[in-house]
Q: 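Here's a structure for you.
Sequential numbering from 1 along the given sequence is applied to the chain's residues.
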Amino acid sequence: GTVSDWIPVTPGAYAVAITPTGASIEEAVLSETITLEAGDIFYTVTALGFAARPDISPLLLQVIPEDYSEIGTAEARVTFFHAIPTLAPVSVIVGDITLVDGLAYPTGTEAETDGLYNADVVAGTYDIQVTLTGDADTILFDLPGTELTANRNYFIAATALQDDPELVLVSTNPDDLNAETNTDEEAADGPANVRIAHFAEDAPPVDIFVNGEAVLQNVEYPALSDFLQLAAGTYTVDVAPAGEGQAAAVISEEITLEAGTSYTAAAVGLVARAGTDDISGLKLTLAEENY
């Protein structure tokens, strides 16, 4: 569930290896050469798949280029990510426009799609559907009357497993994050932006407390809140079953927020593994985002 901070590097080709913690590079479970280009491109290098179930989806290293360039006037940017390893390729339809056909779960091979698709569309209200490619009658997800507002980024992710898929739609307005921060000096004096995600699949609706104050209530999986503005500093975040109060928290973590920086704090893992040392146990992950 961890997402690292951004790492600035010179454009070029790099050998990336992923090893179990403490192991040598010779024991890498993934090893790939990736090429990074200069410009308004941010790359997320992702480890995907199931270590214990290579028959379902073997481990792979996926490079996802993300478009952070300026959005055109009166347009919105839609990014769709196919992250269901057991699901066939899909088509994404926005209104009368098929944005993409044959979008498959990433395989890590150059011959296949990387699972991610970006498109700029004219702002407006659309019926958005995700169907199986070649079988338009099989509608996997249906989002009628979805408003796409100008100058917003919309991230739509198909997650979980085919038997119980989930669709997550997140909208971000870059202007809201940077309205009063025209220079690095001004940004350093501004507030931090943090949003809370409920990505613990088997958890009930929850209440979120920040330094003892309930800031979000009855948050259901797989919700992602709007950005909250907080002064820079260290905060205690408690996640408790809805209506049971802070004392019933199943997750309690300290997070440190820097001025002028945006974060996503995500509750991840499984309730069934809570209180164990299992990697799938409940936890709060904090990811810094570049806007």
Q: Does Leu140 reach the side chain of Leu87, with side-chain heavy atoms less than 4.5 Å apart?
A: yes

Q: Hey, what do you get for OG1 (Thr261) to CG (Leu257), rounding to the nearest 0.5 Å?
A: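 Thr261 atom OG1 to Leu257 atom CG measures 8.5 Å (nearest 0.5 Å).
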
Q: Under the side-chain hydrogen bond (donor to acceptor under 3.5 Å, both in side chains) test, which residues partner Ser91, sequence neighbours left out?
A: Asp101, Thr133

Q: Excluding sequence neighbours, so at least two apart, what forms side chain to side chain contact (heavy atoms under 4.5 Å, CB included) with Ser225?
A: Arg195, Ile196, Leu216

Q: Indicate if Leu99 and Val122 have the same hydrophobic cluster label, given that clusters are the connected sets of ILVMFWY residues with side-chain heavy-atom separations under 4.5 angstrom.
A: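 The answer is yes; both residues are in one hydrophobic cluster.
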
Q: I want to check something: taking the side chain as every heavy atom from C-beta on, are Leu36 and Ile34 in contact at a cut-off of under 4.5 Å?
A: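 The answer is yes; the side chains approach within 4.5 Å.
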
Q: Which atom names give the shortest non-hydrogen contact between Asp207 and Gly243, and what distance separates them?
A: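 Answer, listing the atom of Asp207 first, then Gly243: OD2-N, 2.8 Å.
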
Q: Could you see if Ile25 belongs to whatever hydrophobic cluster contains Leu59? Use Ile, Leu, Val, Met, Phe, Trp, Tyr and a side-chain cutoff under 4.5 Å.
A: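 Cluster IDs for Ile25 and Leu59 differ.
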
Q: For residues Ile93 and Val78: do they belong to one hydrophobic cluster (side chain heavy atoms under 4.5 Å, members Ile, Leu, Val, Met, Phe, Trp, Tyr)?
A: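 No.
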
Q: Any chance you could measure Glu254, atom CD, to Asn211, atom CG, to the nearest 0.5 Å?
A: 8.5 Å

Q: Could you report the tightest heavy-atom contact between His198 and Ala200, atom names first, then the distance?
A: CE1-O, 3.2 Å

Q: My understanding is that only residues two or more places apart in sequence, or in another chain, count here; which of them pass side-chain hydrogen bond (donor to acceptor under 3.5 Å, both in side chains) with Gln246?
A: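 So Gln246 forms a side-chain hydrogen bond (donor to acceptor under 3.5 Å, both in side chains) with Asp238.
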
Q: Under a 3.5 Å cutoff, is there a donor and acceptor pairing between the side chains of Ser24 and Glu26?
A: yes

Q: Using a 6.0 Å cut-off, check whether atom CG of Asp226 has over 12 heavy atoms from anything other than its own residue.
A: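 Atom CG in Asp226 is not crowded, with 12 or fewer foreign heavy atoms closer than 6.0 Å.
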
Q: Is Tyr126 linked to Ile97 within one hydrophobic cluster, defined over Ile, Leu, Val, Met, Phe, Trp and Tyr using a side-chain heavy-atom separation of less than 4.5 Å?
A: yes

Q: Please report the closest heavy-atom contact between Ala104 and Pro89, naming both atoms and the distance.
A: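 Looking at all heavy atoms of both residues, the closest pair is CB-CG, 3.9 Å.
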
Q: Please report the interatomic distance CD(Gln129) to OG1(Thr138), rounded to the nearest 0.5 Å.
A: 11.5 Å

Q: Ignoring hydrogens and geometry, is there a side-chain-to-backbone donor-acceptor pair from His82 to Ala88 under 3.5 Å?
A: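 Yes.
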
Q: Using the rule given for side chain to side chain contact (heavy atoms under 4.5 Å, CB included), can you reason through Val210 versus Thr236, listing the C-alpha separation, both sets of side-chain angles and the distance that settles it, and then say yes or no?
A: CA-CA 6 Å; Val210 176; Thr236 299; over 6 Å; no

Q: Minimum heavy-atom separation for Thr149 to Tyr154, with atom names?
A: N-OH, 2.7 Å

Q: Contact between Thr125 and Leu148 at the side-chain level, heavy atoms closer than 4.5 Å - yes or no?
A: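 In short, these two side chains do not touch, never coming nearer than 4.5 Å.
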
Q: Quick one: are Pro241 and Val250 in side-chain contact, heavy atoms under 4.5 Å?
A: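 With C-beta onward as the side chain, the pair touches.
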
Q: If every non-hydrogen atom of Ala150 is compared with every non-hydrogen atom of Ala123, which pair is closest and at what distance?
A: N-CB, 3.5 Å

Q: Do Leu230 and Val194 have side chains that get closer than 4.5 Å, going by heavy atoms?
A: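 Of all side-chain heavy-atom pairs linking Val194 with Leu230, at least one is under 4.5 Å.
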
Q: Could you check whether any side-chain heavy atom of Val90 comes within less than 4.5 Å of a side-chain heavy atom of Phe80, counting everything from C-beta outward?
A: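 Yes, close enough: below the 4.5 Å cut-off.
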
Q: Just jot down the salt bridge (charged side-chain N to carboxylate O under 4.0 Å, His left out) partners of Asp120, sequence neighbours excluded, or say none.
A: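 So Asp120 forms a salt bridge (charged side-chain N to carboxylate O under 4.0 Å, His left out) with Arg77.
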
Q: Let me confirm one number: the OG1-OH distance from Thr256 to Tyr263, rounded to the nearest 0.5 Å.
A: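 That separation rounds to 8.0 Å.
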
Q: Any side-chain to backbone donor/acceptor pair from Thr146 onto Leu143? Under 3.5 Å, distance only.
A: yes

Q: Between Leu224 and Thr264, is the side chain to side chain contact (heavy atoms under 4.5 Å, CB included) condition met? List the steps.
A: CA-CA 9 Å; Leu224 185 63; Thr264 295; 4.0 Å; yes

Q: Holding to side chain to side chain contact (heavy atoms under 4.5 Å, CB included), I want the full list of residues that pass it with Asp127, two or more places apart in sequence or in another chain.
A: Pro144

Q: Report the residues that fulfil side-chain hydrogen bond (donor to acceptor under 3.5 Å, both in side chains) with Glu37, sequence neighbours left out, ordered by chain and then residue number.
A: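 Testing Glu37 for side-chain hydrogen bond (donor to acceptor under 3.5 Å, both in side chains), a comparison that skips the adjacent residues, returns none.
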
Q: Do you know the tightest heavy-atom contact between Ala223 and Phe199?
A: O-CE2, 4.1 Å

Q: With clusters defined by side-chain heavy atoms of hydrophobic residues (ILVMFWY) lying less than 4.5 Å apart, directly or transitively, does Phe209 cluster with Val206?
A: no

